[in-house]
2 protein chains.
Amino acid sequence: MSRCAMARRTTTSYALLGLLALRSWTTYELAKQAQRSLNWFWPRAERKLYDEPKHLVEAGLATAHAESTGKRPRTVYAITRAGRRELAAWLDEPAAPRAGEFEAMVKVFFADAGDLDQLRATLERIEAEAGDRVRALADMAARPPLFAERVHLSALTLRLQLDQERTVLAWAGWARQQVDQWRSTTDPGEWDAQAVLDAIAE
Amino acid sequence: MSRCAMARRTTTSYALLGLLALRSWTTYELAKQAQRSLNWFWPRAERKLYDEPKHLVEAGLATAHAESTGKRPRTVYAITRAGRRELAAWLDEPAAPRAGEFEAMVKVFFADAGDLDQLRATLERIEAEAGDRVRALADMAARPPLFAERVHLSALTLRLQLDQERTVLAWAGWARQQVDQWRSTTDPGEWDAQAVLDAIAE
DNA sequence: ACACACATACTGCAAAGGGCAGTATCTGAG
DNA sequence: CTCAGATACTGCCCTTTGCAGTATGTGTGT
């Protein structure tokens, strides 16, 4: 009943609340599940995934229940009716803009501080990583789903994730071909950068 | 000469060092430039962009020079020889994996906690944002470049950025079409989720 | 029967990063 | 002469990360 000092909620709060809306989990399970599914578009350190459920309980959006496996204690979290209400209300709020961290692209952008071999190595690593992820996504799609009644939503999100990885993969291959035509990282020789920019500018 | 307590360097340190490798900037210019260019793949709050150059100076990778415009002071940063060396060495280290925050996708993933109108609104916002960004990138590509001698590197990075935004744009359009065939967020009716998953699994 | 790897189930701490408010000066257009 | 907008930052508090540390299950092989 009392709402006292309901601390602010972050996207991380709602992401975990979303998982709790599907079923109850122990903190450990919740953390693992978040890393399997949410990690693709809402990556969070395991540390946070242990802290956040406590805030949800504090705010009355979830309940915590202490259990144990022999001598080892564990906490099972479940969503409350208020939690479901808040989750539904949150869906109405406009989301934060997409933001991506891509350190390797910083290295590409400043490639002229180094040599062609370094640039090529960076591009190869980008390509390898994207390839791994395409495979990981294919695996996930092939495996029987954890929540059969939610496959339509999984299909939607997996599709974007795959498209993104494939885009990176294709770009990296193209970039390696372009870079192979350069004389050095500071001199692209005959290579026509303007043509690429013109294509981007439509 | 002394290396005393050279604090750790982060990717943000190297990103700014990269900009300093191009020319000297005041902190304000550096912050703005970082937001114009780096923001696409290494977004950082303005606040950090003011702190970081101080660490670079501390580590001997840059120098700070106090100037003034009338009564208003300003600090001009320049890279040192040690800075260029460190930057080149950093290019060799494998980069952190790509990581993206996409809050709107969390809302799509948990769309079954709300109704179809909420899901459609989320998809429309995703589409609008991606459209804005495609236009912003086209603008950047059309505008005369700040560093003419580096257009080849800009072309490479802009290309990926555009591909990424277009991927999101195309996906959002597709997703809206799919969702229009659903009966509710919990019941996709005749819609064939398995077909989508099979396509992903190859 | 015992070892040992691996999964479960967390906590503490320091440092990086984000968001917002606040302060002040300079520049150009009307 | 005014006023918006650009320049040039700092302080504060909270979130998030990363890593190390501390246990207790469970299953597999020998």
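Sequence lines set the chain letters: A, B, ... in the order given, protein chains first and strands last, and positions in each chain run from 1.
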Using a heavy-atom cut-off of 4.0 Å across all strands, would you classify B:Lys48 as base, sugar-phosphate, or nothing? base
Report yes or no: do B:Glu86 and B:Tyr14 form a side-chain donor-acceptor pair below 3.5 Å? yes
Are B:Thr26 and D:dT7 close enough that a side-chain N or O sits under 4.0 Å from OP1 or OP2? no
Could you go through the side-chain contact (heavy atoms from CB on, under 4.5 Å) check for A:Val179 and A:Leu123 one step at a time? CA-CA 10 Å; A:Val179 163; A:Leu123 292 173; 3.9 Å; yes
Walk me through it: do B:Glu129 and B:Arg133 pass the test salt bridge (charged side-chain N to carboxylate O under 4.0 Å, His left out)? CA-CA 6 Å; B:Glu129 194 195 52; B:Arg133 291 188 183 193; 3.5 Å; yes
Just how far, in rounded Å, is P of D:dG11 from CZ of B:Arg47? 8 Å
Does the side chain of B:Thr10 get closer than 4.0 angstrom to OP1 or OP2 of C:dG17 through an N or O atom? yes
Sequence neighbours excluded, every pair satisfying side chain to side chain donor-acceptor pair (under 3.5 Å) that has a member inside residues 36-51 of chain B: A:Glu101-B:Arg44, B:Thr12-B:Trp42, B:Thr12-B:Arg44, B:Lys32-B:Glu46, B:Gln33-B:Arg36, B:Arg47-B:Asp51
Can you pull out how bent the helix from C:dA1-D:dT30 to C:dG30-D:dC1 is, comparing the axes over its first five and last five pairs, to 10°? 30°
Counting only heavy atoms and a strict 4.0 angstrom limit, can you tell me which residues of residues 72-79 of chain A come near DNA chain C? A:Arg72, A:Pro73, A:Arg74, A:Thr75
Rounding to an integer number of Å, can you tell me how far B:Leu49 CG sits from D:dT7 P? 15 Å
Rounding to a whole Å, what distance do you find between B:Asp51:CG and D:dG11:P? 10 Å
Residue pairs passing the side chain to side chain donor-acceptor pair (under 3.5 Å) test where at least one lies in residues 145-157 of chain B, sequence neighbours excluded: A:Asp112-B:Arg150
Sorted by number, residues from residues 31-44 of chain B placing a heavy atom under 4.0 Å from DNA chain D are none
Indicate every side-chain donor-acceptor pair of residues 166-177 of chain A with a distance under 3.5 Å to a residue at least two apart or in another chain.
residue: A:Thr167; atom: OG1; partner: A:Asp163; partner atom: O; Å: 2.7
residue: A:Thr167; atom: OG1; partner: B:Thr167; partner atom: OG1; Å: 2.7
residue: A:Trp171; atom: NE1; partner: B:Leu156; partner atom: O; Å: 3.0
residue: A:Arg176; atom: NE; partner: A:Glu127; partner atom: OE1; Å: 2.7
residue: A:Arg176; atom: NH2; partner: A:Glu127; partner atom: OE1; Å: 3.1

